[in-house]
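Just below is one structure, and these are the notes that go with it.
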Amino acid sequence: MKFDLKKEGKTELNKTRRPALLTIPSHYYLAITGTGDPNTMNFGDHIAALYAIAYPIKMAYKKAPSHDSHYTDYVVPPLCGDWSISEAAINSESWDKTDFVYTLRIMIPDFVPLALASKILTTKQQQTEDNLLREVTIVNLPAQEVVQMLHVGPYDEEQITFDYLTMFLEDQQLQRTSKTHTEIYLSDARRTAPDRLKTILQITVAPKYRPHQRFRQWGLFFAIVVVHYK
């Protein structure tokens, strides 16, 4: 049986144009970090380095003589990008695309043995002189509460979708926990017209701390103290 996150990951991928609060479980990912304008060849080279590891892992899993999971193959999960800007740009309060700082990720499906993925990564890095390939790592991200929304259109128009996300946070009494945001790319930008690109925008969130909640908590604390010392 073949696993496809785009089809089976309904609890992790909100592919609708309405904001949704989701819990993303902990996963392992192939990851590589970079800086600068994503419209340059350097950015494309970072993506290529990730896929140069992701596909050999997939093939090694498919060819394995036995599987602990009922999945015997899988579609490589979509590329993700965690985006922020450099500290210098933050301090100057002025920035452009050259100030971007990013981490690109591809999820390693949970049923793929970590030892297998690590072995393929190590072997490929030992066989290459490509410095970017040697920068690929395996990282584990903890479970996260996030809000996601599908953006359809050019990347430069994502602010429109972010505005909807901001309104949703206000309505649901949520707040961002990081200035970094994540983009999950459902389309291949090389083969898709800009106005048809599908990208899930994701931000990590937590409930807003309301003043009256604080008073209730302190009231409970004092009640416990009074009872304890009676």
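Keep in mind that the numbers below use all heavy atoms, side chains included, and drop hydrogens, waters and symmetry copies.
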Review point. Under 4.5 Å between side-chain heavy atoms, hopping through other hydrophobics if needed: is there a path connecting V139 to V76?
Key: yes
Review point. Quick check, are the ring centers of H181 and F162 under 6.0 angstrom apart?
Key: yes
Check your understanding: Around atom OH of Y164, are there more than 12 heavy atoms of other residues, nucleotides or ligands at under 6.0 Å?
Key -> no
Exercise for review: Compute the centroid of each ring, for Y61 and then for Y71, and state whether the two points are separated by less than 6.0 Å.
Suggested key: no
Practice item. Could you tell me whether the side chain of T192 and the main chain of A189 form a donor-acceptor pair under 3.5 Å? Key: no
Review point. Under 6.0 Å between ring centres, would you say that holds for F111 and H70?
Key: no
Exercise for review: Using the salt bridge (charged side-chain N to carboxylate O under 4.0 Å, His left out) rule, collect all pairs that involve residues 64-88, keeping only residues at least two apart or in two chains.
Suggested key: K2-D73, K58-D73, K62-D73, D82-R105
Point to revise | Inter- and intrachain pairs under salt bridge (charged side-chain N to carboxylate O under 4.0 Å, His left out), touching residues 182-200, at least two apart | key: D188-R190, D188-R191
Practice item. Can you label the angle between the W95 ring and the F100 ring as parallel, tilted or perpendicular, going by 30° and 60°? Key: tilted
Review point. Under the side-chain hydrogen bond (donor to acceptor under 3.5 Å, both in side chains) test, which residues partner K97, sequence neighbours left out?
Key: D156
**Study point:** Derivation of the side-chain contact (heavy atoms from CB on, under 4.5 Å) call for T199 and L150
**Key:** CA-CA 6 Å; T199 309; L150 178 66; 5.8 Å; no
Check your understanding: Picking from L165, I184, V147, what satisfies side-chain contact (heavy atoms from CB on, under 4.5 Å) with L201?
Key -> L165
Practice item. If a pair satisfies side-chain hydrogen bond (donor to acceptor under 3.5 Å, both in side chains) and one of its residues is in residues 125-139, list it, with sequence neighbours excluded. Key: none
If you look only at distance, which donor and acceptor atoms sit under 3.5 Å apart when one is on a side chain in residues 47-54 and the other is two or more places apart or in another chain?
none

Point to revise | Contacts of T16 that satisfy side-chain hydrogen bond (donor to acceptor under 3.5 Å, both in side chains) - sequence neighbours left out | key: N14
Review point. Which pairs, with at least one residue in residues 7-25 and sequence neighbours excluded, count as a salt bridge (charged side-chain N to carboxylate O under 4.0 Å, His left out)?
Key: none
Practice item. Could I get the full list of side-chain contact (heavy atoms from CB on, under 4.5 Å) partners for D163, not counting sequence neighbours? Key: Q159
**Study point:** Heavy-atom donor-acceptor pair, T72 side chain to M1 backbone, under 3.5 Å
**Key:** yes
Check your understanding: Pick from L114, D110, I108: which one makes a side-chain contact (heavy atoms from CB on, under 4.5 Å) with V112?
Key -> I108
Revision key, fill the gap. Taken in chain and number order and not counting sequence neighbours, the residues that satisfy side-chain contact (heavy atoms from CB on, under 4.5 Å) with K119 are T123
Point to revise | side-chain contact (heavy atoms from CB on, under 4.5 Å) partners for T33, two or more places apart | key: T103
Revision key, fill the gap. Residues passing the side-chain hydrogen bond (donor to acceptor under 3.5 Å, both in side chains) test with Q144, sequence neighbours excluded, are none
Check your understanding: Between the side chains of N140 and H27, is a donor N or O closer than 3.5 angstrom to an acceptor N or O?
Key -> no
Practice item. Only counting residues at least two apart or in another chain, list the ones meeting side-chain hydrogen bond (donor to acceptor under 3.5 Å, both in side chains) with T98. Key: D96
Review point. Is it the case that S178 and T204 place a side-chain donor and acceptor less than 3.5 Å from each other?
Key: no
